[in-house]
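Report on the structure given below.
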Amino acid sequence: MQVSSASSQIPVKRGTEVAPLFPSGHLLPFVLITVLFFLWGIPNNLNDVLIRQFMKSFAISRFEAGLIQFSFYLGYFLLAMPAAILMRRSGYKAGFVIGLLLFGIGTFLFWPAAIVGKYWFFLFALFVIASGLSFLETASNPFIAQMGDPDSSERRLNFSQAFNPLGSITGVLIGTVFIFSGVELNPEQVDAMKAQNLYEAYLRSETLRVVTPYLVLGAVAIFWALLIWRTKFPNIQSEHEAAGDHGRFAELFRYPHFLMAVLAQFMYVGAQVGTWSYFIQYVQEFTHQPEKIAGFSSAYLMRFVAPHKLLGAYAVVNVALVGFAVGFPGWAGLWAVFLTSFFMSLMFPTIFALGLKGLGPNTKIGGSLLVMAIVGGALMPLLMGRIADIRHSIAPAYLVPLIAYVVVAIYAFAGARPRPVTA
């Protein structure tokens, strides 16, 4: 099904020409895929809630809780390349459908995991969810970037990516309302419950609280897969692909701006995931609050400021904010960490779009490597958890995302522009 809409013709001035932000005639596919940016933001940020919840229900350390993000982002890393290979043969639409099906299956696994009551089972379910999201991100980001004029690819991707923070906020709200019970036992209460043989039942009830939100999320994913399957999609491919050239992995090493984009994406995702993985614990440690207690502007600003300059400016601001949070933990530090979310908003899509510039037939393979760079989200929370356990405080662990933002700033100002490719 194709839907034309005059509203899809949002102009971008390019010299004396006017380039549309979205292509006409394909508004419905664009909307369906843009919603995916919202949808995968929910499980990404539910992980932050799960870290706190499983530390309570399974009585595990911060480092062990970091395995939640490790298992999740390992799925991204391992499935991104298979996703790219599949899409080279079958197109983006196949990637969307398979990704949503894996996403749904992973969420449904939360029910048997809760019945068995094993931490490793939940980690496996999260791995399956992330495998599906790896397909979705490997397909969605280059699909949106290439779905229109190349000069507006950063703005177009930022527009779609702007819905991801809304999904993230939704994930936190779902977790806070439906997963957190608000019951936090002190050591004396734990001992009393153990003496009455009630503690195991309490832990089991806390574990079961995670099931319903994930089952609902899985049902939505399966429904969206059916919608995409029944919708006619445009054939997005470069002129080289149309001629039968699907690109080669080795050729990517000829693009310094792409290689630096992979490093910057690794550092950015690690910083983002690490920042929010331990935010709840930062709040509890330094403000003693209980557990229950945007991207659109970036797309607009890119009409007036070059994307790489805006990316660099945002990274520098986040270096300052995280540095303040490390040096002055408490309410002021809490707000500094919270404000980093605004300046994170453009980083992933801008790095992604800048990295894909000029790759031609290597775009799908390059996109998969940029998604594989998300493995930074698996490693940095583990490092932060280890630092927090050693220092007995979460504040010093935030030096890890601070260093990551420094790397992003260096990429933005020194390595983001494509250079002539040598033969």
Side-chain angles (χ1 to χ4, degrees), residues 35-60 65-69 71-72 75 100 102-130 132-133 136 163-185 189 193 198-224 272-273 275-284 287 289-293 338 341 381:
V35 171
L36 294 182
F37 287 81
F38 170 85
L39 194 58
W40 75 58
I42 297 176
N44 271 278
N45 275 60
L46 273 174
N47 286 348
D48 306 334
V49 173
L50 288 182
I51 286 176
R52 176 59 189 164
Q53 184 69 7
F54 286 160
M55 283 182 68
K56 177 168 48 172
S57 63
F58 288 107
I60 55 179
L67 291 174
I68 289 174
Q69 300 289 28
S71 301
F72 191 81
L100 284 165
L102 285 171
F103 179 11
I105 291 170
T107 58
F108 293 151
L109 287 175
F110 264 58
W111 182 73
I115 298 300
V116 174
K118 297 296 183 181
Y119 184 48
W120 65 264
F121 205 149
F122 282 105
L123 295 181
F124 174 71
L126 287 168
F127 176 85
V128 176
I129 290 173
L133 301 190
L136 295 183
F163 289 87
N164 185 255
L166 299 178
S168 300
I169 294 170
T170 302
V172 173
L173 291 175
I174 290 173
T176 301
V177 174
F178 297 105
I179 294 180
F180 284 159
S181 65
V183 178
E184 300 178 76
L185 304 177
Q189 291 173 316
M193 292 188 74
L198 298 175
Y199 188 60
E200 291 299 324
Y202 161 74
L203 294 181
R204 183 170 182 79
S205 68
E206 290 289 335
T207 301
L208 288 170
R209 292 184 65 86
V210 306
V211 175
T212 300
Y214 275 87
L215 292 181
V216 173
L217 190 58
V220 173
I222 299 299
F223 172 72
W224 216 253
Q272 181 204 43
V273 174
T275 295
W276 294 115
S277 292
Y278 296 104
F279 182 70
I280 295 171
Q281 294 167 57
Y282 185 98
V283 172
Q284 290 190 295
T287 68
Q289 296 298 302
E291 64 183 18
K292 271 193 173 283
I293 290 297
F338 182 79
S341 63

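A quick note: this is a predicted structure, and the numbers were derived from the prediction, not measured. Values below: every heavy atom of this structure, side chains too, minus hydrogens, waters and symmetry copies.
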Is there a donor-acceptor contact under 3.5 Å from the side chain of Thr107 to the main chain of Gly104? yes

Are Leu46 and Ile179 close enough that some pair of their side-chain heavy atoms sits under 4.5 Å apart? yes

What's the separation between atom NZ in Lys56 and atom OG1 in Thr207, rounded to the nearest 0.5 Å? 10.0 Å

Which label fits Phe54 and Phe122: parallel for a plane angle under 30°, tilted from 30 to 60°, or perpendicular past 60°? tilted

By side chain to side chain donor-acceptor pair (under 3.5 Å), Asn47 pairs with (sequence neighbours left out) Gln69

Under 3.5 Å donor-acceptor, Gln53 side chain and Glu206 backbone: yes

So Phe108 and Leu215, do their side chains get closer than 4.5 Å, heavy atoms only? yes

Within the 4.5 Å heavy-atom criterion, are Phe223 and Leu100 side-chain neighbours or not? no

Name all residues meeting the ring pair (Phe, Tyr, Trp, His ring centres under 6.0 Å) criterion together with Phe338; count only those two or more places apart in sequence or in a different chain, and write none if there are none. Trp335

Contact check, side chains of Phe110 and Leu126, non-hydrogen atoms, under 4.5 Å: yes

When you compare the side chain of Ile68 with that of Tyr119, does any pair of heavy atoms fall below 4.5 Å? yes

Is there side-chain contact between Leu50 and Tyr214, with at least one heavy-atom pair below 4.5 Å? yes

Report the relative orientation of the aromatic rings in Trp40 and Phe37; use parallel for angles under 30°, tilted for 30 to 60°, perpendicular for over 60°. tilted

